[in-house]
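All remarks here apply to the structure that follows.
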Number of protein chains: 2
Amino acid sequence: MVKITDVARHAGVSPSTVSYALSGKRPISEETRRRVEEAIRELGYRPHAGARALASSKSNVLALVVPLRAGIHIPVVMRFAVSVVTTARDYDHDVLLLTQEEGEEGLRRVADTALVDALILMDVQLHDPRLPLLRALERPSVMIGFPASSEGLTCIDLDFKAAGEACVDHLAQLGHQVVALVGSPPEVYVRQTAFAQRVVQGFTAAADRHGLASSVHPCEAGPGDARRVAERLLREQPALTGVVVHNEPLLEPLIDAFEKLGLRVPGDLSVTAICPDELAEAARVPVTSVALPSAEVGERAVELLMRKLAGDTDVPEATLLAPRLTERASTAPRVAP
Amino acid sequence: MVKITDVARHAGVSPSTVSYALSGKRPISEETRRRVEEAIRELGYRPHAGARALASSKSNVLALVVPLRAGIHIPVVMRFAVSVVTTARDYDHDVLLLTQEEGEEGLRRVADTALVDALILMDVQLHDPRLPLLRALERPSVMIGFPASSEGLTCIDLDFKAAGEACVDHLAQLGHQVVALVGSPPEVYVRQTAFAQRVVQGFTAAADRHGLASSVHPCEAGPGDARRVAERLLREQPALTGVVVHNEPLLEPLIDAFEKLGLRVPGDLSVTAICPDELAEAARVPVTSVALPSAEVGERAVELLMRKLAGDTDVPEATLLAPRLTERASTAPRVAP
DNA sequence: GCGTGACGTCGAAGCGCTTCGACGGGCGAA
DNA sequence: TTCGCCCGTCGAAGCGCTTCGACGTCACGC
């Protein structure tokens, strides 16, 4: 193995000079730098990561904790992970993959052994048991999603309130006057992050702002539920022409149910959703939707982390990503009766 | 930060004794071990990963290179990755996530900087450009999939030949006498690993063994192709009652096409597939299939790597995992005409 | 003409751990 | 009894890098 002393000898300088030439932490003459670089190239020198970590107390590795829980859309996780890795590389960092399964002990382990410099957590719950640990840890972290209190932590996610609004805005713009929100199953409103509530807030606010008649329905997503939900919506709001679905498994079945009840999508009924793009695209009727911008979240998460690692003290605690609505085949202007 | 000297002092022993108590590389008296363990617990000691890596020239980290290419089934990759991480943890190792995008330079980087001890590569191509590098690298590696020549490398994958056979065996057992293989698009047979060919071999061998009439059809997987393929199959083999599909995007459309042509699945036609379980399960008619055992592949890959790291010299170059066929709704006994 | 400071470089001291050789004590074999 | 050996422990020497303080040189300002 070729080491820094070899490079130094070959270039006719001291090891510290090689180090400074590499890190740029002290001025080095043009001539010397050139010689060092040449020596490095000729010898094929690669600094030993462990030695570097030991001497500098920086591993240049980030931990990424991915969820395993059922109900998580895998491609979204994967896209996010890839985006984290790619962005981390731009900052000369690598990514260590951890599973949720490892729990708090896993976090403590990689943090305390100095295996990683910082952490990224996905799938943060409202009252995530890892929160106290994260606050106590001496290493910076960024969480995807918002817990009940993000005090002293850094969080990032899609702006679900704005996403709810965007869907309603789109429907209002198309002339729809009676809209409904088909929400996530009731337990999601309790267990998970606050995102489900925020969709409701956005939905309601936008509907009020546009002067639309609106209603909100948290819905189970079992096999037979779609039909029942569709019937209930139509019973309660016979003039319904716009639906926002924030319930992934229910999306397709619900559209089917509406059509079976004689309503054409988007002819009689416009449907928008908040869901991963794959789902919206793959549907029989491709659905106009606000996507979870996983790649962007990953990128931004790493950027936030890098700022924290650089000692930036005014990194925002909360970052909300603006929703982007993609129009597809499931929405159309309202046809006056 | 609490270090090994702190533990040593607290336990009244020397640092080396603490190290040996931890690693078990030299005998330590029961009494001493107890005192050391207690000191560790009381002080909350965690060995510094970098220092350890430097001193022992072992990072206890594996690199996992995941593919990005379109056409790869993401959940399979993810399941594989999770299984690698989980298994690696059982062996006290962590996993560094790399993307294919980083290419050979990325492999060289993590290997040469001693960031990782060993590598796992997914999605290995027939003539993968990384092969020479892997052979040259001083670190062990395991590849998922088989290149043209696996000489001197360690590879593991589903036994696709046996998978092809298993499908035919199943159909034969149900009494089917005329079978067809709907294979991957022609370019797959060229570009990728040899797995597509192996399926053909297994299919043909088993059909011959059972004395069935059989035919093989590499197929494109465009939107209109399903219908054409179905028609062609029925034209060429009017008595066809068993189909093996090794072409993921074509699976569902093909079944639909058959039904539109008046053939009931599984009433008139039994269909089996080689594809990820999700796909087989999610189909309108759940498909009897041989799955890609991603979790098992991940586990076995790590085990192979651990053996190599332990200095085991007779680790098999090729490991073929036995297929497991799951019966679902798409196959049934042949009904005599 | 001399003090001052920036520039460019060096040497040495660690970073926290593992590992090697050494050593004292105890025990079994001769 | 004595020799030799194994057990259990220690001290010291690194592992390969970064970083701090120091030093010589040169240019500039007064």
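Letters A, B, ... mirror the listed sequences (proteins, then strands); counts begin at 1. Side chains included, hydrogens not; waters and symmetry mates left out as well; all remaining heavy atoms used.
Nucleotide C:dC17 holds its P atom 13 Å from the CG atom of A:L115, rounded to whole Å. Whole-Å rounding puts the B:K25 NZ to C:dC20 P distance at 9 Å. Between the CZ atom of B:R26 and the P atom of D:dT9 there is a distance of 12 Å, rounded to whole Å. In this structure, the CG atom of A:L22 is 12 Å from the P atom of D:dT19, given to the nearest Å. In this entry the distance linking NZ of B:K58 with C1' of C:dT19 reads 11 Å, nearest Å. Here D:dG8 presents its P atom at 8 Å from CD1 of B:I28, a figure rounded to the nearest Å. Rounded to whole Å, the distance from CD1 on B:I4 to C1' on D:dG11 is 14 Å. The distance between atom CZ of B:R52 and atom P of C:dT19, rounded to the nearest whole Å, is 10 Å.
Comment: B:E101 does not engage A:R89 in a salt bridge, judged by the lack of any side-chain N to carboxylate O separation of less than 4.0 angstrom.
Within residues 31-42 of chain A, the residues having any heavy atom under 4.0 Å from DNA chain C are, by residue number, A:T32.
Note that CZ of B:R130 is 5.0 Å distant from CG of B:L121, once rounded to the nearest 0.5 Å. With rounding to the nearest 0.5 Å, the separation of CD1 in A:I156 from CE in A:M143 is 12.5 Å. Going from atom CG of B:L158 over to atom CD of B:E296 covers 9.0 Å, rounded to the nearest 0.5 Å.
Within the 4.0 angstrom heavy-atom criterion, base atoms lie near B:P27.
A donor N or O paired with an acceptor N or O is found under 3.5 Å between the base of C:dC20 and the side-chain atoms of B:Y20.
Residues forming a side-chain hydrogen bond (donor to acceptor under 3.5 Å, both in side chains) with A:S16 (at least two apart in sequence, or on another chain): A:S14. Under the rule for a side-chain hydrogen bond (donor to acceptor under 3.5 Å, both in side chains), B:S83 has no partner lying at least two apart in sequence or in another chain. B:R34 meets the salt bridge (charged side-chain N to carboxylate O under 4.0 Å, His left out) test with B:E31, B:E38; sequence neighbours excluded. With sequence neighbours left out, the side-chain contact (heavy atoms from CB on, under 4.5 Å) criterion links A:H10 to A:A39, A:E42, A:L43.
Other residues, nucleotides and ligands contribute over 12 non-hydrogen atoms within 6.0 Å of the CZ atom of A:R135.
Two residues, A:T5 and B:T17, neighbour DNA chain D, and the one matched to the more 5' nucleotide by heavy-atom proximity is B:T17.
Contact check, A:S29 against C:dT9: a side-chain N or O comes under 4.0 Å of OP1 or OP2.
In this structure, of D:dT18, D:dG11, C:dT19, it is D:dT18 that holds the atom nearest to the side chain of A:S19.
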What protein N or O atoms touch nucleotides 12-15 of chain D N or O atoms at under 3.5 angstrom, if any, and at what distances?
unit_1 : atom_1 : unit_2 : atom_2 : d
D:dC15 : O2     : B:A55  : N      : 3.4

